[in-house]
Every structure is written in C-alpha cells, then in structure tokens.
There are 2 protein chains.
Amino acid sequence: MKNRIRELRKSAGLSQEEVAKLCKVSRQTINAIENDKYDPTLQLAFNMATVLDTTVDELFINK
Amino acid sequence: MKNRIRELRKSAGLSQEEVAKLCKVSRQTINAIENDKYDPTLQLAFNMATVLDTTVDELFINK
DNA sequence: TTAAAATGTAAAAAGTATTTGACATTTAAT
DNA sequence: ATTAAATGTCAAATACTTTTTACATTTTAA
C-alpha cells in the first residue's frame, strides 16, 4: 500500500509531529506509515485523511 | 465506525462467505466487521470496497 | 415443515499496529 | 559552521485484527 502522505502533508505545511498530534498518535506512527513500514488502522486512515483535507481513497493507493 | 456492508452486499447478491472468499479472509471476519465488532485493516477495507464495487469512503462511515 | 444455507458467536493462537523512550541522521535557518 | 527542528530507526510492551474450529440460531426454499 502506497500513500500520498508526504506530498499532502508538505502542501499543508505540517510536520510529522503536527500531523501526529492532530491525529492523536505518536510521531513514530506517522513516520512509519508515511514510509510504508505498515498500514494504519482504518480509523487512523480516516483521521489522517481528515487532517490532510482529503479522502482515504485519495490518500492511500491500493496496489 | 459504522458501515454499509450489509446493504451493498445484499444489493450485490452476495453472502458473507462469498465476500469472504473474494476478499481472501474468513467468513467470521466479514461477519464481525459487518456487525461492528471491530474495524478491518486498511487493506481489507480496500478489498471489501473493491468487491462491493464502491470506495472505502463510501463503505465506511467515520463517526 | 423439514433440510440446507446463511448468519451469529466464542475462545485460543497468530499476526499486525501503536506506543514509549531513546538515539542517530538529515534539513533548514542563522 | 553551528544550532535547532525535523526525520529516521530500534526494541520491548501493549492493543487490536484475523484465523481456526466448533457449535447455535435464523432464514430460505423445497
């Protein structure tokens, strides 16, 4: 599963830590997901999409 | 997290077991998710959306 | 109304996500 | 060049998802 987190996060001018706080998870979690270490839970995927002003289907690329 | 699985599954004329096979998970997993026992992994959410001919954002209701 | 199919449920085990704390490396700004 | 901020990474612990096996209940259809 690929994603467009970095791209959209930078567009929004947010650091990994800021996204983490807004999503109420740790910075390491955001970092790991952004770098494809593992997939987020569905709930976190929705939270990230909301924070990055997009949808789950646009934020994550199912391949 | 609510979902529209039952609704879309019935529309597609599929049983839980058929959806399970198409998603390559157990019938019990589909049953549990459909009944809000827990959320699927993001990967499974995408697989279910594909099988039910919809999107993750339409299939699951983030509340 | 009986049989078959579908659905609901439970417990234990295995697999996966997340946290915390810590430290290293890279990037950005001064 | 130096500092601060941001990012990358690791290991151990905790929490959550999924599987398997098994059985009970409900629904569907003959």
Side-chain angles (χ1 to χ4, degrees):
Chain A
M1 182 95 59
K2 294 262 180 173
N3 69 75
R4 296 183 178 128
I5 297 167
R6 182 153 311 165
E7 173 191 347
L8 296 177
R9 179 173 64 74
K10 298 249 169 176
S11 292
L14 295 169
S15 68
Q16 292 180 348
E17 185 155 28
E18 288 171 321
V19 171
K21 272 207 177 100
L22 291 166
C23 291
K24 293 172 184 164
V25 293
S26 70
R27 177 181 69 80
Q28 288 85 337
T29 294
I30 299 301
N31 181 271
I33 294 165
E34 186 168 306
N35 288 301
D36 296 320
K37 296 299 164 63
Y38 49 73
D39 291 334
T41 57
L42 184 57
Q43 183 60 65
L44 178 51
F46 269 105
N47 292 349
M48 294 182 83
T50 297
V51 163
L52 296 176
D53 196 29
T54 187
T55 62
V56 170
D57 289 280
E58 297 234 342
L59 189 54
F60 296 92
I61 301 154
N62 181 31
K63 281 194 180 171
Chain B
M1 181 96 58
K2 295 260 179 174
N3 69 76
R4 296 183 177 128
I5 297 167
R6 183 153 309 165
E7 173 191 349
L8 296 177
R9 179 173 65 75
K10 298 250 169 175
S11 291
L14 295 170
S15 67
Q16 292 181 349
E17 184 155 28
E18 288 169 323
V19 171
K21 273 208 178 97
L22 292 167
C23 292
K24 293 174 183 162
V25 293
S26 70
R27 176 182 68 78
Q28 287 84 339
T29 294
I30 299 301
N31 181 272
I33 293 165
E34 187 168 305
N35 289 300
D36 296 320
K37 297 298 165 64
Y38 49 73
D39 292 334
T41 57
L42 183 58
Q43 183 59 65
L44 178 51
F46 269 105
N47 292 349
M48 294 182 81
T50 298
V51 162
L52 296 176
D53 196 30
T54 186
T55 61
V56 171
D57 290 279
E58 297 234 345
L59 189 53
F60 296 91
I61 302 154
N62 181 31
K63 283 192 178 174

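All figures in this text were calculated on a predicted structure; none of them were measured in a lab. Heavy atoms only: backbone and side chains are in, while hydrogens, waters and symmetry mates are out.
- Close to dT19(C), at under 4.0 Å from its OP1 or OP2, lies a side-chain N or O of Ser26(A).
- When rounded to the nearest whole Å, the span between CG of Asn35(B) and C1' of dA6(C) equals 13 Å.
- Rounded to whole Å, the distance from CG on Asn47(A) to C1' on dA17(C) is 14 Å.
- Each of Glu17(A), Gln16(A), Lys37(A) was evaluated against Asn31(A); a single residue qualifies, Gln16(A), per the side chain to side chain donor-acceptor pair (under 3.5 Å) test.
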Determine all donor-acceptor pairs shorter than 3.5 Å in which one atom belongs to a side chain in residues 19-29 of chain A; sequence neighbours excluded.
residue	atom	partner	partner atom	Å
Ser26(A)	OG	Thr29(A)	N	3.2
Ser26(A)	OG	Thr29(A)	OG1	2.9

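- A distance-only check finds a donor-acceptor pair linking the side chain of Glu18(A) to the backbone of Ser15(A) [under 3.5 Å].
- Between Asp39(B) and Thr41(A), every side-chain heavy-atom pair lies at or beyond the 4.5 Å cut-off.
- Between the NZ atom of Lys24(A) and the P atom of dT19(C) there is a distance of 13 Å, rounded to whole Å.
- What separates CG of Asn31(A) from C1' of dA17(C) is a distance of 15 Å, to the nearest Å.
- Distance Asp36(B) CG to dG8(C) C1': 14 Å, rounded to the nearest Å.
- The CD1 atom of Ile33(A) lies 12.5 Å from the CZ atom of Arg6(A); values are rounded to the nearest 0.5 Å.
- When the nearest nucleotides of DNA chain D are assigned to Gln28(B) and Tyr38(B) by heavy-atom distance, the more 5′-ward of the two goes with Tyr38(B).
- Nucleotide dA6(C) holds its C1' atom 16 Å from the CD1 atom of Ile5(B), rounded to whole Å.
- Contacts between chain A and DNA chain D, taken as any atom within less than 4.0 angstrom of a protein heavy atom, begin and end at dT7(D) to dC10(D).
- In this structure, the separation between CZ on Arg9(A) and CG on Asn3(A) is 10.5 Å, given to the nearest 0.5 Å.
- Axis angle, first five pairs versus last five pairs of the helix from dT1(C)-dA30(D) to dT30(C)-dA1(D): 60°, rounded to 10°.
- The 12-atom threshold is not exceeded at CG of Asp53(A), counting heavy atoms of other residues, nucleotides or ligands nearer than 6.0 Å.
- With a 4.5 Å cut-off on side-chain heavy atoms, Leu42(A) and Val56(B) count as touching.
- Atom-to-atom, CZ of Arg9(B) to C1' of dT7(C) comes out at 8 Å; the value is rounded to the nearest Å.
- Mapping Lys10(B) and Ile33(A) onto DNA chain C via the closest heavy atom, the residue that lands nearer the 5' end is Lys10(B).
- Here Thr41(A) lies in heavy-atom contact (under 4.0 Å) with sugar-phosphate atoms only.
- Here dT7(C) is the nucleotide among dT7(C), dT18(C), dT9(C) with the atom lying nearest to any side-chain atom of Ser15(B).
- The closest donor-acceptor contact from the side chain of Asp36(B) to the backbone of Lys2(B) lies at 3.5 Å or more, if one exists at all.
- Rounded to whole Å, the distance from NZ on Lys37(B) to P on dA10(C) is 7 Å.
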